[in-house]
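Each ligand, and each atom within it, is numbered from 1 in the order the structure gives. If you're wondering where the values come from, they're calculated on a predicted model, not measured in any experiment.
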Amino acid sequence: MTGRHQGGRSVDEITGSRRLRRMRKADWSRRLVRESALGPDDLIWPIFIMEGEDKAEQVGSMPGVERFTIDRAVLAAREAQGLGIPAVAIFANIPHERKDQTGSHALDADNIINRVTAAIKAEVPGIGVITDAALDPFTDHGHDGVLRDGIIVNDETVGIIARAAVLQADAGADIIAPSDMMDGRIGAIRDALDAAGHQDVAIMSYTAKFASACYGPYREAIGTGGLLKGDKKTYYVDPGNSDEAVREAEADLDEGADMLMVKPALPYLDVCYRLKSELRVPVFAYQVSGEYAMIEAAAANGWIDGEKVMMEKLVAFKRAGCDGILTYYAPRVARLLAG
Ligand code: PBG
């Protein structure tokens, strides 16, 4: 209907010649003007590793996600490479008897993180391997650092993490991703890597890692679920803070971080946007286990279309300025994108 509306003006008079629906009218024109799109190059696949041989185990709280033995992880990495996924991120389920107060098994060159890294780099050299340098898989209290008298001791933890990072680089890790949020860890890791001749190993800092309630399923996946004493509020960023995340990022860049990561992803899209627009460096978002589980749970109940919600959320990270996304959906998305 053209003509006048009750208030007096016609739509043409209201909009002038501006009709934003013009370009939305067909699939081809929507595709043509789309500003952000997701491609396999944007994906990093976090994979869970466990001891044993030729086995994959479902993670209960993350339907569709499995824990792999090293041999299966190599197959997964090969599959990822075939799908065009640039990198995998390794997370390990460490047997309880290997855990202690200081996470000393992190300093064992032969621990499962280092073994799987070496195996993937030997068999699938073309894929990037990212290792997480925090101590939580190795501590018997589930914290990311050394726990003494109820306190996570910063400087001692930094020393251990820097040594663990060198062992990961020795095993072939391409990127070290410290997720512990201790002060000064990026500089210490950079120094330690350089001193060991690993100038070309990059650092992706979990720079803005929030004290979030969205990590629960991950803790089940790596077997630290029941262990955690207290919470991680004394070292992760408070969910109310955004300037503090920018300060963390500035410090990490000064100390030598090559890339920044925001975690969790969707509740902190504003932080992704700020880091990218204010600092202009590579920024990644980690769509964490709880974010994955929420989509899967609602989809399993028939309350949402899981696949569509997955794609909508992932493109939101691109729109917010992220260069890439760590997501448990990586292989599923890459398959979908391949058609
Ligand atoms: C810990 C670490 C966490 C995740 C990766 N490394 C969080 C935690 O347990 O505190 C979470 C990943 C996820 O939830 O998907 N250094």
Side-chain angles (χ1 to χ4, degrees), residues 43-49 59-67 87-94 99 103 105-106 111-113 130-147 152 154 157-158 160-161 164-165 168 173 175-182 185-186 189 203-239 248 261-268 284-297 310 313-314 317 325-330:
L43 304 169
I44 295 172
W45 185 18
I47 50 178
F48 296 118
I49 317 294
V59 177
S61 50
M62 302 176 74
V65 171
E66 292 171 316
R67 267 181 225 104
V88 293
I90 305 286
F91 296 96
N93 188 301
I94 305 292
K99 300 186 192 227
H105 190 51
N111 69 32
I112 190 168
I113 294 179
I130 303 175
T131 51
D132 186 302
L135 299 182
D136 60 298
F138 302 105
T139 54
D140 56 14
H141 42 74
H143 280 288
D144 296 12
V146 175
L147 175 67
I152 306 302
N154 192 88
T157 300
V158 167
I160 299 173
I161 286 175
Q168 292 174 354
I175 299 177
I176 306 295
S179 69
D180 55 292
M181 292 303 286
M182 297 300 118
R185 82 241 209 254
I186 302 298
I189 291 172
I203 299 178
M204 177 187 282
S205 176
Y206 284 75
T207 200
K209 181 167 184 184
F210 287 88
S212 168
C214 296
Y215 307 138
Y218 161 92
R219 292 178 189 163
E220 182 196 324
I222 68 157
T224 60
L227 293 179
L228 185 64
K229 294 198 176 72
D231 56 46
K232 301 192 176 185
K233 289 181 186 165
T234 68
Y235 47 107
Y236 291 178
V237 180
D238 188 276
E248 278 285 358
M261 190 208 296
V262 176
K263 175 184 181 183
L266 199 69
Y268 301 95
F284 293 79
Y286 194 149
Q287 183 186 48
V288 300
S289 58
E291 296 182 79
Y292 176 91
M294 284 189 271
I295 298 175
E296 289 304 303
M310 163 183 90
K313 292 193 181 197
L314 292 172
F317 304 129
I325 307 127
L326 288 93
T327 173
Y328 301 99
Y329 284 121

Identify the closest protein heavy atom to [atom]: which residue and atom is it, and at what distance?
| atom | value |
| --- | --- |
| atom 6 (N) of ligand 1 | Tyr218 OH, 3.1 Å |
| atom 16 (N) of ligand 1 | Ser179 OG, 2.5 Å |
| atom 3 (C) of ligand 1 | Lys263 NZ, 3.1 Å |
| atom 14 (O) of ligand 1 | Ser289 OG, 2.7 Å |

Side chain, backbone, both or neither: which applies to [X] and ligand 1 if a contact is any heavy-atom pair less than 4.0 Å apart?
| X | result |
| --- | --- |
| Tyr236 | side chain |
| Asp132 | side chain |
| Val288 | both |

Handout entry: Cationic tip of Lys263 above Tyr215 ring, under 6.0 Å, 45° of axis
Key =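 So Lys263 does make the cation-pi contact.
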
Exercise for the section: Measure from NZ or CZ of Lys209 to the centre of the six-membered ring of Tyr286 and say whether it is under 6.0 Å with the direction within 45° of the ring axis. Expected result: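 No, cation not above the ring by the 6.0 Å, 45° rule.
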
Number the atoms of ligand 1 from 1 as they appear, then name those within less than 4.0 Å of a heavy atom of [X], with their elements.
| X | value |
| --- | --- |
| Ala134 | 16 (N) |
| Tyr286 | 12 (C), 15 (O) |
| Lys232 | 8 (C), 9 (O), 10 (O) |
| Tyr328 | 12 (C), 13 (C), 15 (O) |

Exercise for the section: For Asp180 and ligand 1, answer yes if some heavy atom of the residue is under 4.0 Å from a ligand atom, otherwise no. Expected result: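 Under 4.0 Å: no for Asp180.
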
Practice task
Would you please determine whether Tyr292 falls within less than 4.0 Å of ligand 1 on a heavy-atom basis?
Solution key: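 The answer is no, since Tyr292 has no heavy atom less than 4.0 Å from ligand 1.
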
Would the distance check show the side chain of [X] and the main-chain N or O of [Y] forming a donor-acceptor pair, the cut-off being under 3.5 Å?
| X | Y | result |
| --- | --- | --- |
| Arg67 | Ala221 | yes |
| Glu220 | Gly60 | yes |
| Glu296 | Gly64 | no |

Exercise for the section: Determine, using ring centers only, whether Tyr328 and Phe48 are less than 6.0 Å apart. Expected result: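 Between Tyr328 and Phe48, which both carry aromatic rings, the centre distance is below 6.0 Å.
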
Problem - Any donor-acceptor N or O pair under 3.5 Å, side chains Tyr206, Asp132 - result: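 There is such a pair between these side chains.
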
Practice task
Taking the side chain as every heavy atom from C-beta outward, state whether Met204 and Ile44 have any atom pair closer than 4.5 Å.
Solution key: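 Of all side-chain heavy-atom pairs linking Ile44 with Met204, at least one is under 4.5 Å.
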
Problem - Pro264 and Phe210, any side-chain heavy atoms less than 4.5 Å apart - result: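 In short, these two side chains touch, coming nearer than 4.5 Å.
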
Exercise for the section: Determine, considering heavy atoms only, which of His143, Arg219, Lys209, Gln287 sits nearest to atom 9 (O) of ligand 1. Expected result: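 The option holding the nearest heavy atom is Arg219.
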
